[in-house]
Enquirer: 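Following this message is one structure expressed as structure tokens.
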Amino acid sequence: MKRMLHIVGGVCVLMSLCLCGLAVEAPLTYEKYEPQYRGFQPSAYVGIEKLTDVPQGNWKLPKLVAKIPIYSFLRLGDSKCLMVIDQKEATDIFYNRLYFDANGNGDLTDDPAIDSAPLTMSANAYMSQCTFPLIDTTYQVEGKSMPYRFAVSAYCYYQDPKSKDLTKEIILRSLQINVSPKCAYRGGIDLNGQKYQFILGDDNGNGLFGEAASIAKDYKKMGDYNRQIDPSGDSLYLRKDTNFTWYDEQRCTNKIYLEGKLYDFAINLPQGKMILTPTAENLCGVQLPMEVERLGLYREDGKGSINVYTAKGELKITAGNYLVLGYCVFRKDSMGDLWWLQANATVDSSWFTVTPATPVTLAFGEPYSPTVEIPKYALQQFKQNPTSIRLEMLLLGAGSEKVANISHISGDKTDIPLSERNKSLPKEATYTISTMDGAIVAQGKFEYG
């Protein structure tokens, strides 16, 4: 075992390089964010369960004021802690006090009450909301205590603005409680002399940083509202410097294709390290239709999905059934300005099989085809109120993937028309609706968002 010391981005990173298997171990550094933090930080909002009755268990609770207190559990690693959302005064219009069993002993009277600051409380005709101050706690993972910082917020939308009585029915139907992680792990690696920095975010809000992407088995049914496939899993940001942006985000996977090689990717949180090990399996050739900055390949068994970084031509990956989960590319236009495009799989995207005997060329990217359709939810709304209907414009790639973003990144010479509202986006597409004999019914332009 050869020990190597590197200085990466001003941070001392001790890395182990196993000469026999070329396994790279990078230490993880815990990072928590302050309210005024201005640098890049992963962001996630996770909805958690809400109970209007005291859950089963031997609890010692403080005297509660709200007519209907809300009970919920925060599950971090191997720990499960009770939270109660209450009010300071019975006359308050919304919840503004939180009790959290930080030490997990079932006694919420030995933990201080957490009150939302007045400036975070807001209410309008249709909504009430509050955000509580940041909370620091610890939890257990495989017998080791781990730190964690998070925020809790609650909001409720009212169908009838004249009545804001928080009944059980309204709470269960319209009130949402979110946990937002305010911490992450950072690290750095060195592969063949090329340094990389990475950030791990906890998008699932359960303290298990590094959970791999997962797709629900019934994902096609879940696409009734939005055809785009949205996998669960934690986020990974990886780049050659520390200038992280949202462009760097990918879901964690079990493997990484980096510097032209395939590695097993693992996070050992109790030991505080990320491990890259060259894949020992027999590899198969896969041809890319275009150069990609990042590409996500989801394997059907959920155990061998791959994040690909900066690749073109042929990849060497393990056999299996895969789905192109998403990708992003950088391209220069005819005037030399830089553009960024990001696309995600839809319920119509096809799976492909990789075997040693059958070379395969992936289908995604160009040509991109614009299409206009009526979403299912909009059609249902139209049936109830046939006075107007919502149209959605989609830009679909060769693999039926949906373009989620296309942005003008740098340069000032582009000859591509830009949006007047946002100069980083192309000009909005226009539409004309006409009858079969050519009479124009309506004209206008689509809007972003």
Side-chain angles (χ1 to χ4, degrees), residues 32 34-35 44-77 79-139 147-183 202 204-207:
K32 61 182 181 179
E34 303 296 335
Y45 293 89
V46 183
I48 59 175
E49 65 179 333
K50 54 198 176 185
L51 305 171
T52 55
D53 296 311
V54 180
Q56 291 185 348
N58 186 22
W59 309 107
K60 186 176 181 181
L61 302 175
K63 182 179 180 181
L64 302 176
V65 174
K67 179 181 178 182
I68 306 177
I70 301 175
Y71 306 87
S72 187
F73 288 100
L74 181 66
R75 292 173 171 86
L76 296 174
S79 302
K80 177 181 174 182
C81 299
L82 179 66
M83 287 195 304
V84 182
I85 296 181
D86 193 24
Q87 296 173 196
K88 299 181 199 176
E89 305 291 342
T91 55
D92 291 335
I93 61 172
F94 195 59
Y95 298 99
N96 52 15
R97 173 162 286 181
L98 173 70
Y99 296 97
F100 175 60
D101 185 17
N103 54 17
N105 65 352
D107 184 356
L108 277 72
T109 65
D110 62 2
D111 299 285
I114 303 170
D115 293 334
S116 64
L119 291 179
T120 68
M121 282 289 299
S122 67
N124 58 36
Y126 289 92
M127 184 182 72
S128 294
Q129 65 178 358
C130 69
T131 300
F132 295 95
L134 299 181
I135 300 172
D136 287 294
T137 190
T138 58
Y139 63 105
Y148 199 79
R149 169 172 283 188
F150 66 99
V152 177
S153 59
Y155 64 88
C156 184
Y157 286 98
Y158 306 97
Q159 293 180 340
D160 181 4
K162 296 180 181 179
S163 175
K164 294 187 178 181
D165 186 21
L166 291 168
T167 63
K168 284 190 176 183
E169 179 185 1
I170 290 177
I171 290 171
L172 296 176
R173 183 190 67 221
S174 304
L175 190 141
Q176 179 78 15
I177 303 174
N178 288 329
V179 166
S180 179
K182 296 298 180 182
C183 56
D202 182 27
N204 290 341
N206 59 10

Enquirer: Once you round to the nearest 0.5 Å, how far does CG of Leu98 lie from CG of Asp111?
Expert: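 Here the rounded value is 10.0 Å.
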Enquirer: Answer yes or no: is there a donor N or O on one side and an acceptor on the other, between the side chain of Asn96 and the main chain of Ser116, under 3.5 Å?
Expert: no
Enquirer: When rounded to the nearest 0.5 angstrom, what is the spacing between CG in Leu166 and OG in Ser174?
Expert: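 Going from CG on Leu166 over to OG on Ser174, the span is 10.0 Å.
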Enquirer: For residues Pro62 and Tyr99, determine if any side-chain heavy atom of one lies less than 4.5 Å from a side-chain heavy atom of the other.
Expert: yes
Enquirer: To the closest 0.5 Å, what do you measure between NZ (Lys182) and CZ (Arg149)?
Expert: 10.5 Å
Enquirer: If you look at every heavy atom in Gly205 and Pro181, which pair is closest and at what distance?
Expert: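 That would be CA-CG, 4.0 Å.
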Enquirer: Can you tell if the side chain of Asn178 reaches within under 4.5 Å of the side chain of Ile48, non-hydrogen atoms only?
Expert: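 No - every pair of side-chain heavy atoms lies 4.5 Å or more apart.
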Enquirer: Report the distance from atom CG of Leu108 to atom NZ of Lys60, rounding to the nearest 0.5 Å.
Expert: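 It is 11.0 Å, given to the nearest 0.5 Å.
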Enquirer: I'd like to know whether Cys183 forms a side chain to side chain contact (heavy atoms under 4.5 Å, CB included) with Phe150, so could you lay out the CA-CA distance, the side-chain angles of the two residues, the decisive distance to 0.1 Å, and finally the verdict.
Expert: CA-CA 7 Å; Cys183 56; Phe150 66 99; over 6 Å; no
Enquirer: Is the backbone N or O of Gly106 less than 3.5 Å from a side-chain atom of Asp101, with the two atoms forming a donor-acceptor pair by type?
Expert: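 Yes, Asp101 side chain to Gly106 backbone: donor-acceptor pair under 3.5 Å.
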Enquirer: By ring-ring contact (aromatic ring centres under 6.0 Å, His included), which residues pair with Tyr139, not counting sequence neighbours?
Expert: Tyr148
Enquirer: Go through the structure and list residues passing salt bridge (charged side-chain N to carboxylate O under 4.0 Å, His left out) with Arg97, not counting sequence neighbours.
Expert: Asp115
Enquirer: Let me have the donor-acceptor pairs involving side chains of residues 63-76, under 3.5 Å, with sequence neighbours excluded, atom names and distances please.
Expert:
unit_1	atom_1	unit_2	atom_2	d
Ser72	OG	Glu49	O	2.5
Arg75	NH1	Glu49	OE2	2.8

Enquirer: Apply side-chain hydrogen bond (donor to acceptor under 3.5 Å, both in side chains) to the pair Tyr158 and Ser128, showing each step before the final yes or no.
Expert: CA-CA 8 Å; Tyr158 306 97; Ser128 294; 3.2 Å; yes
Enquirer: Quick one: list whatever passes side-chain contact (heavy atoms from CB on, under 4.5 Å) with Val46, sequence neighbours left out.
Expert: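 Partners of Val46 by the side-chain contact (heavy atoms from CB on, under 4.5 Å) criterion come out as none, since no residue qualifies.
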Enquirer: Which value, rounded to the nearest 0.5 Å, describes the distance between Asp86 atom CG and Asp92 atom CG?
Expert: 9.5 Å
Enquirer: Please examine the side chains of Tyr95 and Ile171, heavy atoms only from C-beta on, and report whether any two atoms are closer than 4.5 Å.
Expert: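 The answer is yes; the side chains approach within 4.5 Å.
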Enquirer: Side-chain contact test, heavy atoms from C-beta onward, threshold under 4.5 Å: evaluate it for Tyr45 versus Val179 and give yes or no.
Expert: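 Counting from C-beta outward, Tyr45 and Val179 never come under 4.5 Å.
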Enquirer: Hey, is the main chain of Glu89 close enough, under 3.5 Å, to the side chain of Gln87 for a donor-acceptor pair?
Expert: yes
Enquirer: Taking atom types as modelled and ignoring hydrogens, do the side chains of Asp165 and Thr167 form a donor-acceptor contact shorter than 3.5 angstrom?
Expert: no
Enquirer: Which heavy-atom pair separates Asn206 from Asp202 by the least distance, and what is that distance?
Expert: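 What the structure gives for the nearest pair is N-OD2, 3.2 Å.
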Enquirer: For residues Pro35 and Leu134, determine if any side-chain heavy atom of one lies less than 4.5 Å from a side-chain heavy atom of the other.
Expert: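 Touching, per the 4.5 Å side-chain cut-off.
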Enquirer: Check salt bridge (charged side-chain N to carboxylate O under 4.0 Å, His left out) between Lys168 and all other residues, then give those that pass, not counting sequence neighbours.
Expert: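 Listed in chain order: Asp53.
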Enquirer: Measuring only between side-chain heavy atoms, which start at C-beta, is Pro133 closer than 4.5 Å to Ile114?
Expert: yes
Enquirer: What closest approach, in Å, do Gln129 and Phe94 show between heavy atoms, and which atom pair accounts for it?
Expert: CA-CE2, 3.7 Å
Enquirer: Can you name the side-chain contact (heavy atoms from CB on, under 4.5 Å) partners of Cys81, sequence neighbours left out?
Expert: Phe100
Enquirer: Decide yes or no for Thr109 and Trp59: does some side-chain heavy atom of the first lie under 4.5 Å from some side-chain heavy atom of the second?
Expert: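 No, side chains not in contact.
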Enquirer: Should Asn103 and Thr137 count as side-chain neighbours, where that means a heavy-atom distance under 4.5 Å?
Expert: no
Enquirer: Enter the distance from Asn105:CG to Asn58:CG here, rounded to the nearest 0.5 Å.
Expert: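 It is 10.5 Å, given to the nearest 0.5 Å.
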